[in-house]
Amino acid sequence: MNKIKAGIIGGAGYTGGEMLRILIGHPDAEIVFVHSKTFAGKPVSVAHPDLTGDTDLKFTDVFDPEIHVLFLCMGHGESKKYLEAYSISDDIKIIDLSQDFRVKGRFDKREFLYGLPEMNRNSIMTAKNVANPGCFASCIQLGLLPLANAGLLRDEVHISGITGATGAGKSLSETTHFSWRNNNISSYKVLEHQHLDEIMHTLGTLQATAIPDINFVPYRGNFSRGILATAYTRSDLSLAEARALFAEYYLEHPFVTLTDNVPDLKQVVNTNKCFVHVDKIKNRLVITTVIDNLLKGASGQAVQNMNLMFGLDETTGLHFKPIAF
């Protein structure tokens, strides 16, 4: 087949940089343009020094309609503004990395499908527009999907999760400065994180009965990238039954691996993988999940969705080695 021609809006940020890194090495994709008003006319390596020597692409402030797929790698609220300001052909598929269309999956005449492949893979294959899941939402849901799918989320769920500094985006704030992050950790948006609505909405489409309360405490970590989340909930399942349930659910999903030991971030950072560990302590199931927030939690998953939308093997261009040491 001919290569998939891709455009990137918001190419100077973290997710835009990871999108560039993935697509430059993708055997079946070609980057037509990378949009950035701030860096227009400058080599992409100015914003992403890690790409020095890998590409001669330059940022542009012009939209090129000769593409098959458009990645929107902008901050929350900006994708909606962009689609309101510009007319984009219905023939161009859109993959949005913001939260703008995850819950309310419609914009004008465009219907956005929620792009979690481990839940919606078959539907993604025929989708024209995909709302890429959030990073914390991806990590947490991959630990709860098998239970919701079996109708077994019956008691409230408690979750703690920690994310790296890149989860806050590239724009500076008080809590992203090195002097604040280094040797530090803090909670934020306790029980009110923006991904909770997304998680409740998505799990609710799987389970016929109401989803119980999900109590989420997120933490800022003093590292660059990765998410580790631990969830626990009361359950009548034995450990063997729970592990069998998870193994069956993820049997044909290549990026999710069930582990015998509690995973750590270095096993998945720089990859599109999710490691899941299931344990039973007293009457509670304890589920630990780890992902790279910029890959499985953002740009890697977006390319996984692109692969599915264009009939490719979903792992194409996503075989990365973790930074294990």
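Remember, predicted model here, so these are calculated numbers, not experimental data.
A donor-acceptor contact closer than 3.5 angstrom links the side chains of Asn132 and Asn305. Side chains of Asn272 and His319: no donor on one and acceptor on the other come within 3.5 Å. Residues Gln304 and Lys296 have side chains that bring a donor and an acceptor to within less than 3.5 angstrom of each other. For the residue pair Thr166/Arg225, the side-chain donor-acceptor check at 3.5 Å is not satisfied. Side-chain N/O atoms of Thr233 and Glu156 include no donor and acceptor closer than 3.5 Å. Neither side chain, Thr163 nor Asn293, offers a donor N or O lying under 3.5 Å from an acceptor on the other.
Here His158 pairs with Tyr232 under the ring pair (Phe, Tyr, Trp, His ring centres under 6.0 Å) rule; sequence neighbours left out. Scanning for side-chain contact (heavy atoms from CB on, under 4.5 Å) contacts around Ser224 gives an empty result, with sequence neighbours left out. By the salt bridge (Lys or Arg N to Asp or Glu O under 4.0 Å) test, Glu192 pairs with no residue at all, sequence neighbours left out. For Thr60, the side-chain contact (heavy atoms from CB on, under 4.5 Å) partners are Phe33, Val62, not counting sequence neighbours.
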Report the C-alpha distance between Thr259 and Asn261 in whole Å, list the side-chain angles of each, state the deciding distance to 0.1 Å, and finish with yes or no for side-chain hydrogen bond (donor to acceptor under 3.5 Å, both in side chains). CA-CA 5 Å; Thr259 63; Asn261 301 310; over 6 Å; no

May I have the step-by-step check of side-chain hydrogen bond (donor to acceptor under 3.5 Å, both in side chains) for His68 and Asn2, ending in yes or no? CA-CA 11 Å; His68 302 120; Asn2 295 326; over 6 Å; no

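Ring centers of His193 and Phe136: under 6.0 Å apart, within the cut-off. Tyr114 and His201 have their aromatic ring centers separated by at least 6.0 angstrom.
Two different hydrophobic clusters hold Tyr14 and Ile9 under the rule that ILVMFWY side chains link at heavy-atom gaps under 4.5 Å.
Around the CG atom of Asp56, the shell of radius 6.0 Å holds no more than 12 heavy atoms that belong to other residues, nucleotides or ligands. For CD of Glu248, the number of neighbouring non-hydrogen atoms (other residues, nucleotides, ligands) closer than 6.0 Å is 12 at most.
Salt-bridge check for Lys81 with Glu84: failed, with every basic side-chain N at 4.0 Å or more from each acidic carboxylate O. Using a 4.0 Å cut-off between a side-chain N of Lys or Arg and a carboxylate O of Asp or Glu, Glu314 and Arg121 qualify as a salt bridge.
Looking at Thr52, its side chain never comes within 3.5 Å of a backbone N or O of Ser45 through a donor-acceptor pair. The backbone N or O of Glu198 sits less than 3.5 Å from a side-chain atom of Thr202, completing a donor-acceptor pair. Checked by atom type and distance alone, the side chain of Ser36 pairs as donor or acceptor with a backbone atom of Phe39 at under 3.5 Å. The closest donor-acceptor contact from the side chain of Lys93 to the backbone of Met309 lies under 3.5 Å.
Of all heavy-atom pairs spanning Ala127 and Leu113, the tightest one is CB-CD2, 3.9 Å. The two atoms that bring Leu116 and Ser138 nearest to each other are CD1-OG, 4.4 Å, heavy atoms only.
Listed by first then second residue, pairs satisfying ring pair (Phe, Tyr, Trp, His ring centres under 6.0 Å) with a partner in residues 257-298 number zero, not counting sequence neighbours. Applying the ring pair (Phe, Tyr, Trp, His ring centres under 6.0 Å) test to pairs two or more places apart or on separate chains, those with a residue in residues 69-100 are Tyr82-Tyr86.
By the 6.0 Å and 45° rule, Arg110 does not stack over the aromatic ring of Phe101.
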